[in-house]
Amino acid sequence: MTPESFIQNKAAEAIKAIYSTEVAETSLQVSVTRKEFEGDYTLVTFPLLKITRQAPDVTGNAIGEWLVSNVPEISAFNSVKGFLNLSFSPVYWNESLKAIAEAPDYGQLPSTGRRIMVEFSSPNTNKPLHLGHIRNNLLGDSVSRILKACGNDVVKSTIVNDRGVHICKSMYAWEKCFNGATPESTGKKGDHLVGDCYVAYAKMEKEHPEVIDDVHKMLVDWEKGDPHVRELWAMMNGWVYAGFDETYAALGITFDQVDHESETYLLGKELVQKGLAEGVFVKDPDGSVWCDLTADGLDRKLVLRGDGTSVYITQDLGTAERRFQNFKLDSHVYVVGNEQDYHFQVLKLILKKLGFDWADQIYHLSYGMVELPEGKMKSREGTVVDADDLIESMYLEAKKTSEESGKLADITAEEKDRLYHMIGLGALKYFIIKVDPKKTMLFNPKESIDFNGNTGPFIQYTHARICSILRKATVAFGPADIAPDAQPSAKEVRLVKLLDLYPVKVGEAGAALSPAVIANYAYELAKEFNQYYHDTPILKEENEAVMKYRLELISVMARTLRSAMGLLGIQLPERM
RNA sequence: GGUUCCGUAGCUCAGCUGGAUAGAGCAACAGCCUUCUAAGCUGUGGGUCACGCGUUCGAAUCGCGUCGGAAUCACCA
C-alpha cells in the first residue's frame, strides 16, 4: 500500500468518526508535502469543507488530531489554510524500506493476464536507419519493457516494409550504375550500400524522369514473380537485413515476431468483401471500394482499388485481424510517428464498423519528429543523422571523457570497450527517451552529447558511486539491518519516499505509454542520492548499526536505479 | 479550409486526472577535491506558464476563442 492510499484510507475513517459521513477514499487528495512546510504528506481539506461546514483550519485540526491519536504511524500534524500536513513516525519509514528491500522484484506489478502486442521499428529496406528511427526503436523497446513491468504479457513485433516502389528504385539504380558492387567488394554495410543506390536513383530520376516507368515495370514483374527481379530483390534485402541486424544489436533491440510486408500485403481483401456484404463499404462504378467516414467527421476512405489491388490500409486491416486472432491479443500498441495520426484514426474506426470490439484496444503511440537546429531532417539534402554514425560518435565521446577522468587504469581493454559503449548508448538513449514522446524534439549534434546534468551518464555515474561503496564495505548487511527503531535522517526519509514511489511511476508510465515518466523518476532518484552522499558518511560512520542501515539503503537505491533504467533499455556500470 | 498535436527561464526540457511562493539541466557568475568516484555538491541571477474570456474557494493544468508553429486530409507506404 502506498503512503498516499494509506492516508486516504485513514482520513476516510477519521471523517466517518468525526462527521458521520462516508467519503470515497479515492476522492481524497493526498500529495507529498512541499519542502517549505513541516510534514511528509499533505491532505487537501478544501474539498471537505462542504461536509464539515467548518473553516479550513478547524477541519484540518479536527482530522489531524483524530489521525494522531488513532493511527500509530502518524506522529504529528499541522494545518495551514486548507492543507493538513502529516508527519509519519520513523517506524513507518523503516517498515516501508524493509518491505522494499525484501521485495524479490521491486517495481514488477502483479499480472493483469492481458497480452499486448507492441509493433515498432517497421523499417523500409531501401535505406539505413536514422535518428528518427532511433526514437521509434527506443520508444517501442522501452514501452514493451514497461508494459511487461505492469504485469502484461508483451509481444514485441515489427513489420518490415520490404516491397514496393522504394526498394525497386534502389534495385534499378544498382543494376544501372553500380557495376555489381556488393557489401563485400566495397566494404560497406549493406543497408548503407542500398541507401547509396536509392540516392543515386533520385539523381537519375531528376535528370531522366522517364526512368520511373522502368521502376514501375520492375514492381509489376516482382508481383508476377519474375525470377530475375525476385533474385535481385532477395539479394539486396539480404544486405539490408545484415546491416539492420548490426544496428539493432548495437542498440540492444530484439523482436519476438517479425512480419514482412511481402507476405502480408495481400491480407485484408476478405475483410473488404465482408464489409461490402455488411454494407459498411460501398463500391463505386469503377469497381473501387470505399468506406464513408464523413458522418464521423472524416473523409471517404479508399480500401480497395478499382483493379482489385490493395492500398496501405487494406493490409493493415487484415494484419490487425490476423494478429488479434493468432496471438489472442487483448490489446495492440503501434509505435508510429505522428504524421500517421489520421491513418490510425481511420484504421480504428473502420475496424469498429466491421464489428471488431477489440478495435477499442488499439493504441497509436504517436511520437513527434526529431528536428535538427536547421529544421527537419531531409535525406535529399543530406541532413539526416545516420544511426550508425551517431552510435559511433557517442562511443567516442564516452571514451574521451573516460580517458580524461583517468579512473579506469586497472581494467582490461575489452572491459573498457564495453563500458564506453554502455555509456555512449546510455547518453543517447536517455537523451531521446526523457522527452515526452508526443512532443517534437530537438537534436543538436554539438550540444546534445553531454554527460553532465540531467543525462544518462549522470545516472550511470551515481550507480557506479554506490557500487564503489558497496564494494569497499567490510561488514555484511541486509534487509534485517533496517531496524524498526532506526532513526532515519530527513534526507533518508526523502529517499525512502522516492523509493516508495517507484511502482506508482511504473504504473503511470504504462498507462500513459510514456517512458519519459521513468526517465524523470530515475533522474530525481539519482539527484537525491548525490545530495545524500555529499553530506552523509557511510563507511566512515562509527555506529555500526547506522552504517549497516545506510549500506542497505543505498543498496536498495542501486537496485531501483538499475530496474528503472532497465525499463529504458539502459545498463548501469559498476564503475566508470 | 477541416481535423489533430504543440507553445513553460537565453537554450533543452519537467510539472498538466485543478492545490500552498511554477521546477531541473545547459549556458553565465561565485564557492567546495590530503576525507566513501568532482561525469559530483552548494549558492547567485534569470518567468506576463503565447494572449483573452470563462468555470472554481483555488487554473500552467479544465472549457471556449485568438495568435504562432508542426502534422495530416493520396487509387504513396
Side-chain angles (χ1 to χ4, degrees), chain A residues 29 31 33-34 36-37 42 44-47 49-50 56 80-83 85 122 124 161 163-166 261 265 284 286-290 297-299 301-307 309-313 315-316 337-343 345-346 366 368-369 371 373 376 398 401-402 404-405 407-408 423 427 431 434-436 438-444 447-448 450-462 464-473 508 511-512 516-517 519-520 523-524 526-527 529-541 550-551 554 575-576:
Chain A
Q29 295 177 43
S31 54
T33 302
R34 301 196 64 139
E36 312 87 88
F37 297 92
T42 298
V44 185
T45 53
F46 280 115
L49 304 183
K50 272 178 252 148
V80 182
K81 292 190 282 183
F83 301 95
N85 302 317
S122 304
N124 288 352
N161 188 2
R163 55 138 239 135
V165 177
H166 55 276
E261 220 187 273
Y265 78 107
D284 273 10
D286 67 352
S288 60
V289 181
W290 298 76
L298 304 172
D299 299 299
K301 181 75 188 174
L302 179 82
V303 292
L304 202 65
R305 293 191 187 101
D307 63 7
T309 59
S310 303
V311 289
Y312 182 42
I313 200 154
Q315 63 158 316
D316 257 17
N338 63 10
E339 74 267 16
Q340 296 203 38
D341 285 354
Y342 181 77
H343 172 76
Q345 223 182 325
V346 170
S366 161
M369 300 289 104
E371 291 188 352
K376 283 192 67 175
T401 307
S402 286
E404 280 167 6
S405 82
K407 291 173 191 160
L408 302 167
I423 296 170
F431 178 83
K434 75 173 178 183
V435 181
D436 182 345
K438 65 173 179 283
K439 288 191 176 175
T440 301
M441 66 175 288
L442 183 87
F443 181 84
N444 185 333
E447 293 169 15
S448 298
D450 194 349
F451 292 175
N452 300 315
N454 187 358
T455 64
F458 168 84
I459 298 169
Q460 291 175 318
Y461 179 73
T462 305
R465 271 181 145 179
I466 298 176
C467 290
S468 173
I469 298 175
L470 297 178
R471 259 198 311 276
K472 289 176 181 160
E508 274 178 28
V517 171
N520 287 307
Y523 174 64
E524 240 181 290
K527 196 173 157 55
F529 169 80
N530 277 309
Q531 292 169 12
Y532 174 67
Y533 173 90
H534 185 257
D535 46 36
T536 310
I538 295 170
L539 294 174
K540 295 200 174 77
E541 170 59 40
R550 290 178 181 168
L551 282 168
I554 66 168
R575 45 181 308 180
M576 67 187 274

For [X], answer base if it contacts any base atom (sugar-phosphate contacts may also be present), sugar-phosphate if it contacts only those atoms, and nothing otherwise; contact means non-hydrogen atoms under 4.0 Å.
{"X": "A:Ile423", "answer": "base"}
{"X": "A:Glu261", "answer": "sugar-phosphate"}
{"X": "A:Tyr312", "answer": "base"}

(request) Answer yes or no for this row: A:Phe458 ring on B:G40 base, centroids under 5.5 Å, planes under 30°. (result) no
Report yes if at least one side-chain N or O of [X] is closer than 4.0 Å to OP1 or OP2 of [N]; otherwise report no.
{"X": "A:Lys439", "N": "B:G7", "result": "yes"}
{"X": "A:Arg34", "N": "B:G23", "result": "yes"}
{"X": "A:Asn454", "N": "B:C26", "result": "no"}
{"X": "A:Lys472", "N": "B:U37", "result": "yes"}
{"X": "A:Gln531", "N": "B:U42", "result": "yes"}
{"X": "A:Lys407", "N": "B:A39", "result": "yes"}
{"X": "A:Tyr342", "N": "B:U72", "result": "no"}

(message) Of the options B:C36, B:A39, B:C26, whose atoms approach the side-chain atoms of A:Asp450 most closely?
(response) B:C26
(message) Of the options B:C76, B:A20, B:C26, whose atoms approach the side-chain atoms of A:Asn85 most closely?
(response) B:A20
(request) Check for a donor-acceptor pair, side chain of A:His343 on one end and backbone N or O of A:Tyr312 on the other, with a separation under 3.5 Å. (result) no
(message) So for A:Thr42 and B:A20, does any side-chain atom that can act as donor or acceptor lie under 3.5 Å from a complementary atom in the base?
(response) yes
(request) Could you state the atom-to-atom distance from NE2 of A:His534 to C1' of B:U37 in whole Å? (result) 13 Å
(message) Ignoring hydrogens and geometry beyond distance, is a side-chain donor-acceptor pair present between A:Thr42 and A:Ser31 at under 3.5 Å?
(response) no
